[in-house]
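Just follow the structure's listing: the first ligand is 1, and inside any ligand the first atom is 1. Computation of the quantities below employed the complete heavy-atom set of this structure, encompassing side-chain atoms and omitting hydrogens, waters and symmetry-equivalent molecules.
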Amino acid sequence: MAVISPNTRVQPHSAQINSDDHLVVGGCDTVELASRFGTPLYLLDELTIRKAAEAVKQGLAQYPESRILYAGKAFLCLAMCHLIDDLGLGLDVVSAGELYTARAANFPPELIYMHGNNKSRQEIEAGLQTGAVNIVVDNASELALVGQIANELGKKARILFRVTPGVVPDTHHYIATGHTDSKFGLPLAELQAAVALALEQKESIQLVGLHTHIGSQSHEIEPYLEMVEILADCFQEVKLNFGLDLPELNIGGGLGIAYLETDRPMAIYDWAQKVSSQVSKSFRSRQLPPPFLVVEPGRSIVGTAGVTLYRAGHSKLLPGGLRYLAVDGGMADNPRPITYQAKYTACIANRMSSSSAEQPLTLAGKYCESGDIIIKDTYLAADTGDLIAIFDTGAYNYSMASNYNRTGRPACVLLSEGRADAIIERETNADLLRQDRVPDRLLRRAQR
Ligand code: LLP
């Protein structure tokens, strides 16, 4: 049976239309969800996440030994940690906050990998105190700090070096990371010296392998195959210089998803299958043993599972024919259009079979910036009061959301077989004041 790769489809795996002509996700009527939880609302289809994880597993099935880490920066909260653990995946964390979330969910420490190009002393300490957490060391000065902290704590840090292979995927330049002048990772020319330094610190450092991540929202396989060849060269050089077979190769994540019906990302099953067979080939041809292979998909696991519901508000038609329809959210809950000119697909969740409009419509956000546009020129026949669903908002929406214009972040609801559970509550106005403090002198003035 063909393996389903959700990342090639715009809609979540469970999406349907019911007899009321409403969009249904995870067996739940989105119109009912909007009235129960309010809008804007993030929805997450559990089945899509499960199918995506299964597709990566199947794609890696022929490879001797591997591990899938979910990249938590795409979307993380306690329930997501539990779900990822339930799927048997590990977790890539990139901050003290993500690590704290994982620990609070009792996520197995040995399956946590800590990333970041400027981990603080506190973050490294927290990692080492958590147990067998793996640390992906980004640069030479971080190696010194990790060694020093491990010494102080009487721990041995299990590390991988992140290298910058000089490979550029087909993506927006803000989210490419594999190029030689990237802020991330060790330049290839510095790797062997860093390995020597790590090997000198046998008491505090256990170097287990190399990591790289070339970028995000990439549709093509070629940059990955090229990167695997370069990494295999690195392993070979380490073997020649130090007589050491590093056991672990982590090739990061970055596979894209379809945001538009015309997008053609490679299926996540094929990606996993092709990169892992390239690893086998590249290592075999250099007479190296196949490394323990680690992959770190984020967007391709959770992106397609997400749908954002908005209520349409005011509209206006300009003399030149331009029509705006504003919704009750925008750049604070989805900063991707304004940041990367990202494109999305929408539908009218309460009138799924409505025909297309004759004239284009611009779906605008409600925030105080002209660039806060969700979709420019869609042919949705939407109007005030409609429930607008935006697909593919599972990754880098909630995790990049802000309180811009003093707006609380929306709730997030996990949907499965007709059940809807809020896994993140909506932020209230009181939440917005929680960290505010007023100096006495200003209070006194106000009382006068
Ligand atoms: N591993 C590392 C070390 C990473 O830096 C990232 C993403 C991933 C894995 C997961 O990549 P994914 O499979 O999700 O593409 N905010 C941007 C994306 C930033 C990605 C950062 N790193 C966006 O909204 O497109």
Side-chain angles (χ1 to χ4, degrees), residues 5-7 49 52-53 55-56 59 67-76 80 84 89-95 98 112-119 134-139 160-165 167 169-179 182-186 209-221 223-224 227 231 249-259 263 265-266 268 271-272 275 294-306 308 331 333-344 390 392-402:
S5 291
N7 73 309
I49 298 173
V56 193
R67 174 175 292 159
I68 305 161
L69 310 180
Y70 164 68
K73 68 206 76 171
F75 173 83
L76 203 68
M80 189 65 182
I84 291 303
L89 272 51
L91 188 64
D92 144 3
V93 300
V94 76
S95 67
E98 288 185 358
I112 300 177
Y113 285 61
M114 276 186 79
H115 287 279
N117 66 319
N118 187 23
K119 300 175 199 71
N134 305 276
I135 300 182
V136 181
V137 172
D138 192 87
N139 51 65
L160 294 92
F161 278 123
R162 175 169 181 164
V163 296
T164 323
V167 173
D170 55 321
T171 192
H172 191 283
H173 63 286
Y174 280 8
I175 53 178
T177 48
H179 48 296
S182 166
K183 72 169 186 170
F184 295 104
L186 276 169
L210 304 182
H211 166 276
T212 194
H213 169 77
I214 55 176
S216 197
Q217 184 54 13
S218 166
H219 282 197
E220 293 171 354
I221 191 72
Y224 287 95
M227 168 267 278
L231 267 287
L249 167 63
N250 181 331
I251 57 164
L255 179 66
I257 65 171
Y259 286 97
D263 286 345
M266 145 157 284
I268 189 166
W271 177 82
V275 283
V294 182
V295 297
E296 288 174 344
R299 187 191 320 258
S300 50
I301 297 287
V302 76
T304 319
T308 302
M331 62 182 282
D333 57 81
N334 182 359
R336 298 194 70 257
I338 202 167
T339 312
Y340 317 109
Q341 296 73 54
K343 301 223 173 353
Y344 282 89
I390 306 288
D392 303 295
T393 57
Y396 306 109
N397 272 230
Y398 171 75
S399 65
M400 290 174 69
S402 75

field: 4.0 Å heavy-atom contact, Gly254 with ligand 1
entry: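 True for this residue.
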- prompt: Is ligand 1 less than 4.0 angstrom away from at least one heavy atom of Pro297?
  reply: yes
query: Just wondering, do Leu69 and Leu91 contact through their side chains at under 4.5 Å, heavy atoms?
result: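 Side-chain contact under 4.5 Å: no.
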Rounded to the nearest 0.5 Å, what separates atom [atom1] in [X] from atom [atom2] in [Y]?
X	Y	atom1	atom2	value
Phe184	Thr164	CZ	OG1	10.0 Å
Ile301	Tyr70	CD1	OH	8.5 Å
Arg336	Met331	CZ	CE	14.0 Å

Which protein heavy atom lies closest to [atom], and at what distance to 0.1 Å?
atom	value
atom 9 (C) of ligand 1	Glu296 O, 3.3 Å
atom 20 (C) of ligand 1	Tyr396 OH, 3.5 Å
atom 24 (O) of ligand 1	Arg336 NE, 2.6 Å
atom 21 (C) of ligand 1	Lys73 CD, 3.9 Å

message: Using every non-hydrogen atom in the two residues, find where Pro165 and Leu231 come nearest and quote the distance to one decimal.
response: CB-CD2, 4.3 Å
Leu160 versus Asn250, closest heavy-atom pair with distance: CD2-CB, 4.1 Å
- prompt: Name the one of Tyr344, Tyr340, Tyr396 that satisfies ring-ring contact (aromatic ring centres under 6.0 Å, His included) with Tyr259?
  reply: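 Single ring-ring contact (aromatic ring centres under 6.0 Å, His included) partner of Tyr259 among Tyr344, Tyr340, Tyr396: Tyr344.
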- prompt: Can you tell me if Thr308 uses its side chain to pair, donor with acceptor, with the backbone of Thr393 under 3.5 Å?
  reply: no
Show which atoms of ligand 1 fall inside a sub-4.0 Å distance from at least one heavy-atom site of [X].
X	answer
His115	3 (C)
Ala71	8 (C), 9 (C), 10 (C)
Asp92	1 (N), 2 (C), 9 (C)
Met400	16 (N), 24 (O)
Gly253	9 (C), 13 (O)

Test side chain to side chain donor-acceptor pair (under 3.5 Å) applied to Glu296 and His115, His213, Lys73, Arg67, the passing residue: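 Only match with Glu296 under side chain to side chain donor-acceptor pair (under 3.5 Å): His115.
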message: For atom 11 (O) of ligand 1, which of the options His211, Arg162, Gln217, His213 provides the nearest non-hydrogen atom?
response: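 Minimum heavy-atom distance to atom 11 (O) of ligand 1 goes to His213.
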query: Nearest to atom 17 (C) of ligand 1 by heavy atom, Tyr113, Phe75, Tyr340: which?
result: Tyr340
- prompt: Got an N/O contact under 3.5 Å between Ser216 and ligand 1?
  reply: yes
- prompt: Would you say ligand 1 has an N or O under 3.5 Å from any N or O of Gly298?
  reply: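 Yes, Gly298 has an N/O under 3.5 Å of an N/O on ligand 1.
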- request: Decide whether Asn397 and Asn334 meet the rule of one side-chain donor and one side-chain acceptor closer than 3.5 Å.
  value: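 Asn397 vs Asn334: donor-acceptor pair found between side chains.
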- request: Measure Arg299 to ligand 1 on non-hydrogen atoms and call it side chain, backbone, both or neither using the 4.0 Å cut-off.
  value: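 Under 4.0 Å from ligand 1, Arg299 contributes backbone and side-chain atoms.
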